[in-house]
Structure formats: C-alpha cells, structure tokens
There are 2 protein chains.
Amino acid sequence: MNLRDLRYLLAVAEHGHFGRAAEACGVSQPTLSIQLRKLEETLGVTLFERTSKAVAPTTACARLIGHARAAVAEADALLAMARSLRDPLAGRFRLGIIPTLAPYLLPLVYAPLRAALPALEIEPWEEQTSALLERLRDHSLDAALLATEVDGPDLTSRELFAEPFLAALSPDHALAARDVVAEEELAADMLVLADGHCLRDQALAACGRSGALGGTLRASSLPTLLNMVAAGYGTTLIPGLAAGAARDAGLVLRPLAARAGRVVRIAWRSRFPRHAAVEGVADVIATRLRSFARGAAAGAV
Amino acid sequence: MNLRDLRYLLAVAEHGHFGRAAEACGVSQPTLSIQLRKLEETLGVTLFERTSKAVAPTTACARLIGHARAAVAEADALLAMARSLRDPLAGRFRLGIIPTLAPYLLPLVYAPLRAALPALEIEPWEEQTSALLERLRDHSLDAALLATEVDGPDLTSRELFAEPFLAALSPDHALAARDVVAEEELAADMLVLADGHCLRDQALAACGRSGALGGTLRASSLPTLLNMVAAGYGTTLIPGLAAGAARDAGLVLRPLAARAGRVVRIAWRSRFPRHAAVEGVADVIATRLRSFARGAAAGAV
DNA sequence: CGGCGTCCATAGATCATGTCTATTGATCGG
DNA sequence: CCGATCAATAGACATGATCTATGGACGCCG
C-alpha cells in the first residue's frame, strides 16, 4: 500500500467519478482504475460499487477512509514542515560558549547575529570547555565557542579572532605604576579561576607556572576573580574582552610584554549538516571582532 | 514520498544503525541507504548525521519524525481495519423489511440469523416498498425483504418463500361459519391498509377489485386493521405469518378457495459487493420458512 | 603503526510496477 | 436502434526499487 493509492482513494470518494478523480490526481483514468483495484486486492475489501452511472463507496470504504485521510494529512504536514526546515540558516541553533567569554562576547555579537541571520534561533549555552565538547559530540549542541584547539577528526574548528590577555591589578599594586607588565612578574601573587576553566591553565602557562600556588583561592567565575583582585588579594590575567568589566570593578589594566593571549574559535562536528549556519555565525562574529583583533595586534585595547 | 520511505526513516531513527534498520525492514542495507538519501533529497532536509560510529537524527528529523510516525500508524490502522472488514459475512448489514412482514417474520428468523451469521450485525429498517427500493438504490440499505417483484437491471432479487393469504373475520361474521372462503366473497365489506402498502393492492387484486371502496377506512398498520375487523367493521385478508397475531386479536381465519398469496423476496443492488452476506441471510430465512411454505402449499397454516 | 573489522556509500544489473494510449464492453438516453 | 458516457482491459514503455559486489572512512588492537 502506498500514499499515492490513498490519494487516489480519497479522490474517487470525493468526486464519485473515476475520470474526474484521475484528472484531479494528474493521471489517466486507466491508471487510477488499476491502482484502485490493486488497493482493493491488497486490502481484501471492495471499496467502491461501480456503475456506469455512479461510483458509490461501500460501508467498508466509509470506515477506512478516515484513516486514509489522516495518513495523507500527516504526510502532507510532514512535507510542509520539511519545506519550512529546508533553510539551514533557519531554526534552532544551540551554541555553547565558555564562561570566560560568554558575558563579554554575547552582548557584542547578539544584535549583529539577529540582523544577519534573522531566522536562526540561537540558543546560547554556557559551560566549561570539556562539557561543551561532550555536548557537541552527543549532539546536544550544534557548535561551541572555545578558546582551545579541538582534537579528533570528528570535530572541526575555525579561528574567529585573537584575544590578548591583560594584567589586571588593584590600583595600589606595585605593578600598577608600570606601562607594560611582563607575564612572569604576575606569577608571584596571581589569582586564578577554578579547575576546568581553560583560562586558568592559559594564565598559569603564560606566566611560566605549571600549577597554581598552594592555598591560592580559586574563583569560580571571572567576575568573582575581578572583585578579589580589586580587594587587593593578588593580581590576575584577564581576557581582553573582559576589560570593560574589569575597569568597572575598579581595576587597573596593563598590556603584557610578551603579548600573551588566546585564540577564540568556533567548533562543530565535522559531519554537522547545517554547515552554512556555522559559517554564518562564524562570519558574523569574526567580522564584528575584526577591529578588536586589529587593535589587539597593535597592542592597544 | 512513500509510506515505505517513512518506515525506513523510523527504523533508522529507532535503531541508530543502517544495517540493523535494514534487517528490521527486511531489505538490504544499500537499499535502505539509497531510499533514505532520496527521501532527504525530496524533503530537502538532511535527516541523519552519519558516522561510522553512530547515526544521529538531526533536529529537523526530530521534528519531522512525529508526523512520519503518525502517518505510518494511520496506514497500519487502515490495514488492520481492512483485515477485519475483509469478511463479507461480518459488519453492519442494513436490511429493509416491509411493515406487513417485519413484526411477524423477524421474531422467527432473528435467532437463526444470529446463530448462522454471528459476525453479521443486521440492522432492520421498516418502511414501505417504494421507500425501501429508493433506499436500496441510494445505498442506504444493503438488502430488503419485499413481497413484490423488482424491476430494473440495477436490482436483483431472489424468492425466499410463498406466503398464503387468509380470510380474517370477526367470529360473528356470516362467512365465519364456512371452512373455506372464496376471495370474491370478501370484496363486499373488505377493509384494506392505507396507500403504499403492497398488501393493500394485493388484497384488492385477489378479490377482484381494482380500487378500494369509497369511504372505506384505511388502516395505517396491520395490527390496527386486525382490531378494526375484530370490532366488526368488516373483513380483511391477511398474510399467513400474521395468523398468530390475528387469532390473538380474536379473529377467525379461513383458508382461501383460490389460494391467493404473495411471494416474499430479498432484493439487493446487482453490484452490491457483499453478495455472500445477502445469500447467507437469504439461505437462513428460506430454510427457516421452508416448513411454513410446505404447510401453506398443503393448505394448512 | 599496520592489518583488520565495522559501517555506510556507490556501481551496475535486474526485476517489479506505475503509467500511458488505444480499445472494448456495458449501460443509458434519445 | 444508434450514439454517448464511463469504467475496465491490453500491451508497450519507462521509472524506480532492490539486489550483490565493492569501495572508502574510521576505530581497534596487537
């Protein structure tokens, strides 16, 4: 049994006439006659009482036709929905973002993304790198904004922009008097984020330390960390996009001598079919942040 | 798009594995792969993200799959219902019966019909001949029990049994003293049914009258007619099966000299597909009434 | 790190079947 | 009794579903 056969059945029931039903279905009358007879044979039920005068549905047909109508309607609904889902630049797009990036990047790119991809319903999801990678791999995210390389052939990534780190100091810190701070000078009293944040490892690596100091307080979020530094508990190293928030917290920011920084990338499953959506999002973010990256390259933030 | 394709889609979504899905569908893996790819092309939507490791439905697929499931379920329901409708000796059977027959025949044949055709749900419909023929022709009845021949090639009929008429008299009527009454003797004061009852015309014809007497009361039903005769308003001629009811009404019954009577037939549309049901019903009634017909032929009721 | 197994995609051949045009048969009306 | 109408049938044709065999990508394991 075929959906086409059910459409033929409905057409004959509606028109009560093989010729007109065939015309409505866009086929010849013999075709419709044959197919309907085959349907009757497969069902084992006579569907119509045929006369040269009229074609009347049997009672069996009357009881079956509701299901036929429902099946055809569902198939048509599926086709219509497929048409609306056809655009890869439309629909839900679940985008993971690491916590040290989300609060500072999203406000910058949200409006441009809406403007460039109006049909794309971006759902941000904030979590640490490893969790995002896991969610990418189990298909609960479509793409993720990270500050690390991704490994494995199942994932692909594209560089979006370079984000320089900055030394963040309380105004009364000794280094606050300097124009430029060398990364190693921060090592002595640097505060870092909790385990799992990629920024923690990158900050430690930038100033030549392999691990955090024993007993060092580990902030669970960047805003917390900024407040700790502002309160004079130590120094830290922040990503450039957080500069505004850091200044608002009353911190003094200084460029780094060796220009340590991180590269923000977008990552996705290599086989993810809506590649166009990923590229679209990536293009918008890269374009929006181009000036920022240029400024960073010039050493000015 | 095809119901088969939708079944393939559901199988792949369920198993997450082309090979096992193909096995479940009873086809080879390449077949399923090709058909699914074609489905993706016709829909314009990628349905699965394929890896050698796993096959994951896309978000678009997740939204479409509900409709696919519904369409397939409706089709399956249709097939299941068709299976149950396949037996022509099962299901509703709308049987018209003329009013001068129904109350006396139905009690005789109801139980035998239930016993012989347990799956046939017979729905009796009591109306006069012309209305029954109309309903037969417009498909609102499946068959009808009549006491007249039917004309036209669109209808067919089969004789079931012969039903003799009897003279019905009030006990104090002059003719009640006789053993046998000649049909013509009833003509003088015979009461008849209202227009439209075939019994009316047949009774008049039997006693040689072309029309009813002027001012004669025309009962709208046979029970009413019996009571009128019992009350002494005249004589009448009743169908044999009504003998019991007539005696209960206090009437005297006498056989007719010329053995006037009527033939009860079952009629149906020549193209009616459930011919087996008609034959089944006809056989049961003819068998049940065979003794009656023999008795009638022998002159004893 | 190289063979091996798993899994989906592709190629080419084959077979089933849906569709067409032309025609027949049945039925009805003038 | 003849012509019109309508569904069924016949035969040719083309599409398309399916199969087996094979290729290519990937992960596993010694």
Side-chain angles (χ1 to χ4, degrees), chain A residues 1-9 11-43 46-58 61 137-139 150-156 269-273, chain B residues 1-9 11-43 46-58 61 137 150-156 269-273:
Chain A
M1 192 179 66
N2 204 318
L3 275 172
R4 187 184 351 94
D5 300 335
L6 297 186
R7 292 185 200 277
Y8 291 166
L9 162 63
V12 173
E14 185 186 346
H15 292 94
H17 188 286
F18 276 67
R20 279 191 285 279
E23 190 180 4
C25 293
V27 295
S28 68
Q29 171 263 315
T31 296
L32 190 136
S33 281
I34 292 173
Q35 291 313 113
L36 203 60
R37 181 161 296 282
K38 281 189 183 177
L39 179 62
E40 288 181 325
E41 279 165 17
T42 60
L43 294 183
T46 302
L47 294 169
F48 293 97
E49 219 176 301
R50 298 149 170 86
T51 316
S52 61
K53 205 79 183 164
V55 176
T58 62
C61 179
R137 291 196 160 99
D138 76 1
H139 294 75
V150 298
D151 58 341
D154 57 333
L155 295 182
T156 310
R269 291 186 301 284
S270 312
R271 309 298 255 273
F272 182 58
Chain B
M1 191 180 65
N2 203 317
L3 275 172
R4 186 181 355 93
D5 299 337
L6 297 186
R7 292 185 200 276
Y8 292 167
L9 162 63
V12 172
E14 186 186 344
H15 292 94
H17 187 286
F18 277 67
R20 279 190 286 278
E23 190 181 3
C25 294
V27 295
S28 69
Q29 171 264 315
T31 297
L32 189 137
S33 281
I34 291 173
Q35 292 312 114
L36 203 60
R37 180 161 297 282
K38 281 189 181 176
L39 179 61
E40 287 181 326
E41 278 163 18
T42 59
L43 294 182
T46 302
L47 294 170
F48 292 97
E49 217 176 302
R50 299 146 168 89
T51 316
S52 60
K53 204 78 183 165
V55 177
T58 61
C61 177
R137 290 196 160 98
V150 297
D151 57 342
D154 56 334
L155 294 182
T156 309
R269 292 185 301 283
S270 311
R271 308 300 253 274
F272 182 57

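All chains are named by letter (A, B, ...) in the order of the sequence lines, taking the proteins before the strands, and each is independently numbered beginning at 1.
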**Prompt:** Does OP1 or OP2 of C:dG18 have a side-chain N or O of A:K38 closer than 4.0 Å?
**Reply:**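 The answer is yes; a side-chain N or O of A:K38 sits under 4.0 Å from OP1 or OP2.
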**A:R50 vs C:dA26: side-chain N/O to OP1/OP2 distance below 4.0 Å** =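 So the side chain of A:R50 is outside the cut-off, no N or O lying under 4.0 Å from OP1 or OP2 of C:dA26.
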**Item:** Interface limits on DNA chain D, where chain A has a heavy atom under 4.0 Å of a nucleotide atom
**Value:**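 Terminal contacting nucleotides, 5' to 3': D:dC6 to D:dG27.
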Please enumerate all residues that pass side chain to side chain donor-acceptor pair (under 3.5 Å) together with [X], with sequence neighbours excluded.
X      : answer
A:R271 : none
B:S270 : B:T156
A:T42  : none

**Prompt:** Looking across every strand, which nucleic acid part, if any, lies under 4.0 Å from B:F48 by heavy atom: base, sugar-phosphate, or nothing?
**Reply:**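 B:F48: no heavy atom of the nucleic acid under 4.0 Å.
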Protein-nucleotides 27-30 of chain C N/O pairs closer than 3.5 Å?
residue	atom	partner	partner atom	Å
C:dC28	O3'	A:K53	NZ	3.4
C:dG29	OP1	A:K53	NZ	3.4

**Message:** If only side-chain N and O atoms count, and only distance matters, is there a donor-acceptor pair under 3.5 Å linking A:S33 with A:Q29?
**Reply:**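 Looking only at side-chain atoms, A:S33 and A:Q29 do form a donor-acceptor pair, the distance falling under 3.5 Å.
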**Prompt:** In terms of heavy-atom contacts, does CG of A:D151 have more than 12 from other residues, nucleotides or ligands at under 6.0 Å?
**Reply:**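 Result for CG/A:D151: open.
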**Item:** From CA spacing to verdict: salt bridge (charged side-chain N to carboxylate O under 4.0 Å, His left out), A:D5, A:K38
**Value:** CA-CA 9 Å; A:D5 300 335; A:K38 281 189 183 177; over 6 Å; no
Which atoms of nucleotides 10-12 of chain C (N or O only) lie under 3.5 Å from a protein N or O atom, and what are those distances?
none

